[in-house]
Amino acid sequence: METLVADAILTRIEISKDYLNFSSGHFTLFSATERENLHGHNFRVRCAVTAQVGDGGLTFDYVILKRALKVLCDALDERVLLPLESPYLRIERQDGLVLAHFADERIPFLERDVLLLPIRNVTIEELAPLLLERLRTQVEIAAMTAAIRAIELGVSSGQGQWAIAQWDNRAQAIA
Ligand SMILES: Nc1nc2c(c(=O)[nH]1)N=C([C@H](O)[C@H](O)COP(=O)(O)OP(=O)(O)OP(=O)(O)O)CN2
């Protein structure tokens with residue numbers, strides 16, 4: 001297990017790029033009987049990584065991070081996002097369709113237009129941890145996590161509203 005360097009100065013690298021976005025459809029589920037109508041957002045993603053600057057004056061090549069974040073955004077872009085783990089929505093595949101069953105509604109989508117996500121609701125607070133976990137497990141990022149102390153990943157559904165998920169390596173190193 002990596003040992004923390006006592007009172008090391010940590011530096012936070014923040015990435016916020018206009019091209020880190022995905023335009024997707026969704027509807028928020030508020031209860032077993034209340035939901036929004038299907039609509040879309042230009043979701044935005046931003047990220048901050050806290051790390052120790054190495055002897056060479058570098059934490060990590062943030063181009064690798066930007067590339068990994070773009071891969072995450074592109075995977076969700078131009079799809080209708082549906083939650084696989086909602087207590088209120090049942091998903092069925094039938095004859096090339098994805099059928100979302102909500103209350104007494106049967107909502108059909110073409111397979112090609114839908115992306116099923118392992119989350120409980122398509123909210124920014126469910127998307128942020130999902131994308132953070134996907135980021136952490138991308139090979140090139142996983143290789144960097146020994147030098148990384150913490151990662152924050154934010155998802156926004158509109159100007160001025162963000163959900164920020166956090167992962168802190170220090171908790172693991174201390175445990
Ligand atoms: N806790 C949450 N509440 C809501 C979420 C969410 O992700 N987490 N999401 C929604 C819907 O996506 C809704 O469509 C958001 O709409 P709105 O806030 O109006 O989005 P705008 O960008 O249009 O915001 P304006 O303030 O109107 O500019 C609802 N609740």
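Counting convention: from 1, in listed order, for ligands and their atoms alike. Atoms considered below: every heavy atom in the structure, side chains included; atoms not considered: hydrogens, waters and symmetry mates. Please read all numbers here as calculations on a predicted model, not as lab measurements.
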Does the protein place a non-hydrogen atom closer than 4.0 angstrom to atom 19 (O) of ligand 1? no
The side chain to side chain contact (heavy atoms under 4.5 Å, CB included) partner of Leu65 among Thr59, Ile141, Ile148 is Ile141
Item to complete: Look at atom 1 (N) of ligand 1 and say whether a protein heavy atom is found at less than 4.0 angstrom from it.
Response: yes
In this structure, atom 15 (C) of ligand 1 is nearest to the protein heavy atom His41 CE1, 3.8 Å
Going by the 4.0 angstrom heavy-atom rule, the piece of Gln159 near ligand 1 is neither
Practice item. Take Arg106 and Glu92 through the test salt bridge (Lys or Arg N to Asp or Glu O under 4.0 Å) and record every step on the way to the result. Key: CA-CA 10 Å; Arg106 178 180 173 275; Glu92 181 190 5; 5.6 Å; no
The closest protein heavy-atom partner of atom 14 (O) of ligand 1 is His39 NE2, 2.8 Å
Value for CG (Leu117) from CG (Leu127), rounded to nearest 0.5 Å, stands at 6.5 Å
Q: Evaluate the 4.0 Å heavy atom contact test for atom 7 (O) of ligand 1: does a protein atom fall under the cut-off?
A: yes
- With a 4.0 Å cut-off on heavy atoms, is Gln161 touching ligand 1? yes
**Request:** Look at Arg120 together with Glu85 and state whether they make a salt bridge at an N to O cut-off of under 4.0 Å.
**Result:** no
Looking only at heavy atoms, the pair that brings Arg46 and Ile164 closest together is NH2-CD1, 3.7 Å
For ring-ring contact (aromatic ring centres under 6.0 Å, His included), just list the numbers for His26 and Phe43, CA-CA rounded to whole Å, side-chain angles, deciding distance to a tenth of an Å, and then say yes or no.
CA-CA 11 Å; His26 85 118; Phe43 290 93; 5.8 Å; yes
Logged contact type for Thr28 with ligand 1, heavy-atom cut-off 4.0 Å, is side chain
For ligand 1, is Glu126 a contact, meaning one of its heavy atoms is under 4.0 Å away?
no
If I apply the N/O under 3.5 Å rule, does Glu36 come out as touching ligand 1? yes
For Gly158, the ligand 1 atoms with a heavy-atom partner under 4.0 Å come out as 22 (O)
Closest non-hydrogen atoms of Ile91 and Pro83, given as atom of the first, atom of the second and distance, are CG1-O, 4.1 Å
- Any protein heavy atom sitting closer than 4.0 Å to atom 25 (P) of ligand 1? no
Go through Ser23 and Asn42 one step at a time and tell me if the side-chain hydrogen bond (donor to acceptor under 3.5 Å, both in side chains) criterion holds.
-> CA-CA 4 Å; Ser23 300; Asn42 293 318; 2.6 Å; yes
Atom 29 (C) of ligand 1 protein-contacted (non-hydrogen atom, under 4.0 angstrom): yes
Heavy-atom check, side chain of Trp167 versus side chain of Arg136, under 4.5 Å: yes
For Ser157, the ligand 1 atoms with a heavy-atom partner under 4.0 Å come out as 22 (O)
Rounding to 0.5 Å, atoms CG (Leu89) and CD (Glu105) come to a distance of 9.5 Å
*Judging by distance only, is a nitrogen or oxygen of Val122 under 3.5 angstrom from one on ligand 1?*
no
among protein heavy atoms, the one nearest atom 3 (N) of ligand 1 is Glu125 OE2, 4.8 Å
